[in-house]
Amino acid sequence: MEQTIFDCVIIGSGPSGFTAAIYAARADLKPQLYTGLEPGGQLTTTTEVDNFPGYPDGVTGPQMMMDLQKQAERFDTKVYYELITKAEFSTETGGIHKLWAGNKEILARTVIISTGATAKYLGLEDEKTYSGGGVSACATCDGFFYKGKDVIVVGAGDTAAEEATYLAKLTNKVTMLVRRDEFRASKAMIHRVENTPNIEVKFHHELIGIEGENGMVERAIVINNQTKETSAIDVHGIFIAIGHQPNTAIFAGQITMDENGYLKTIPGSTRTNLPGVFAAGDVQDHIYRQAITAAGSGCMAAMDAEKYLAELA
Ligand code: NDP
């Protein structure tokens, strides 16, 4: 029997993947969506989502993802709870792309990559214990819960500086833990940190433990890596801002990426360097990283895929 060639295969199940599916399905592309190992993506690890337009009372991350999936399936999206492990893309316009989920081979005219990015954590057992109870990797998502309280930001790059200045507006005090004697962030961001009175920067400090009650953070245990002195800081929130890792390993060598592994798209579109291969969401965006911006680019990817197929016909 001849193998089916699908018009549109979507890799990833965050807001960009499901939004791409909704648009592709409504354009009759019969999208086949592979969820990956974490169906729903990063949002399933957050609690309340209060900044997605259209939910006046907020919504939990997992609920929002279930709603998005339901909406995609209502329009003939086929969802597979499988991980794409290998890809071989055609470099020809109109070529057929090959994907594998384990031993299963999948053929597609267009592929939308929305595999997202994974926030890096320090690797402490306590981070897992207090995940959802004060440990977060997204100030825009969770900062609101710490109004008037004290928080810690770990990291010294642009993300950490941005998170610290954002949190400083909401919280009583932000302590930044920087492991070296200097920031990695840009001069402009360092300047903003230095000019925010309620941010205290502790150079040469690292987080080594977290203590709390009933799964809620109450204090951070930190070490001065020069003097080896440890101390406790009373806080309710701990924001880990040490970078994200885009989930692009299986595309290496085929799709153009930036130096951090993010897929590059042609400005103003979701097109990658390969015809019929599109990228949406955090996998191609290290700056905004919001559910709404990911959803927006998912919509763009489906429209770009539809246009590409129409031009082939
Ligand atoms: P970066 O990789 O730039 O910075 C990561 C930071 O985390 C570094 O300061 C690093 O310390 C620190 N770090 C890493 N591991 C540990 C650890 N185990 N313990 C303590 N600290 C650790 O990541 P960002 O997410 O900040 O930025 C990624 C990219 O996105 C950059 O190119 C950045 O410029 C860009 N960006 C741009 C923004 C904008 O333009 N508005 C906003 C956010 C990001 P060390 O310095 O010692 O290595």
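Counting starts at 1 for both ligands and their atoms, following the listed order. Side-chain atoms are counted along with the backbone in the values below, which use heavy atoms only and exclude waters and symmetry mates.
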Would you name the heavy atoms of Phe251 and Asn247 that are closest together and state the gap between them?
CE1-O, 3.9 Å
What about the rings of His236 and Tyr146, do their centers lie closer together than 6.0 Å?
no
Step by step, work out the side-chain hydrogen bond (donor to acceptor under 3.5 Å, both in side chains) result for Glu206 and Asn225.
CA-CA 7 Å; Glu206 294 176 43; Asn225 58 25; 2.7 Å; yes
Atom indices of ligand 1 within 4.0 angstrom of Gly243 heavy atoms, with elements
23 (O), 25 (O)
Can Lys78 and Tyr34 be counted as having a side-chain donor-acceptor contact under 3.5 angstrom?
no
Minimum non-hydrogen distance to atom 8 (C) of ligand 1, winning option of Arg179, Glu206, Arg184, Lys120
Arg184
Hey, is atom 31 (C) of ligand 1 under 4.0 Å from any protein heavy atom?
no
Can you tell me if Arg180 has a non-hydrogen atom under 4.0 Å from ligand 1?
yes
Report yes if Gly157 has an N/O atom closer than 3.5 Å to an N/O atom of ligand 1; otherwise report no.
yes
Provide, to 0.1 Å, the distance between atom 38 (C) of ligand 1 and the closest protein heavy atom, together with that atom's residue and name.
Asp158 CB, 4.0 Å
Tell me whether Arg271 at atom CZ has more than 12 heavy atoms from other residues, nucleotides or ligands lying less than 6.0 Å away.
no
Can you check atom 40 (O) of ligand 1: any protein non-hydrogen atom closer than 4.0 Å?
no
Indicate yes or no: at least one non-hydrogen side-chain atom of Tyr130 is less than 4.5 angstrom from one of Ile238.
no
Around atom 29 (C) of ligand 1, find the nearest protein heavy atom and jot down its residue, atom name and distance.
His286 ND1, 4.2 Å
Candidate with minimal heavy-atom separation from atom 26 (O) of ligand 1, of Asp258, Ile240, Ile242, Thr159
Thr159
With atoms numbered from 1 as shown, which atoms in ligand 1 lie under 4.0 angstrom from a non-hydrogen atom of Leu122?
17 (C), 18 (N), 19 (N)
N or O contact, Ala156 vs ligand 1, cut-off under 3.5 Å
yes
With a 4.0 Å cut-off on N to O distance, would you call Lys202 and Glu200 a salt bridge?
yes
With a 4.5 Å limit on heavy-atom distance, are the side chains of Tyr80 and Lys104 in contact?
yes
Yes or no: does Ile287 have any heavy atom under 4.0 Å from an atom of ligand 1?
no
What one should report as the nearest heavy-atom pair of Ala301 and Thr270 is CA-OG1, 3.1 Å
Check: Arg289 N/O within less than 3.5 Å of ligand 1 N/O
no
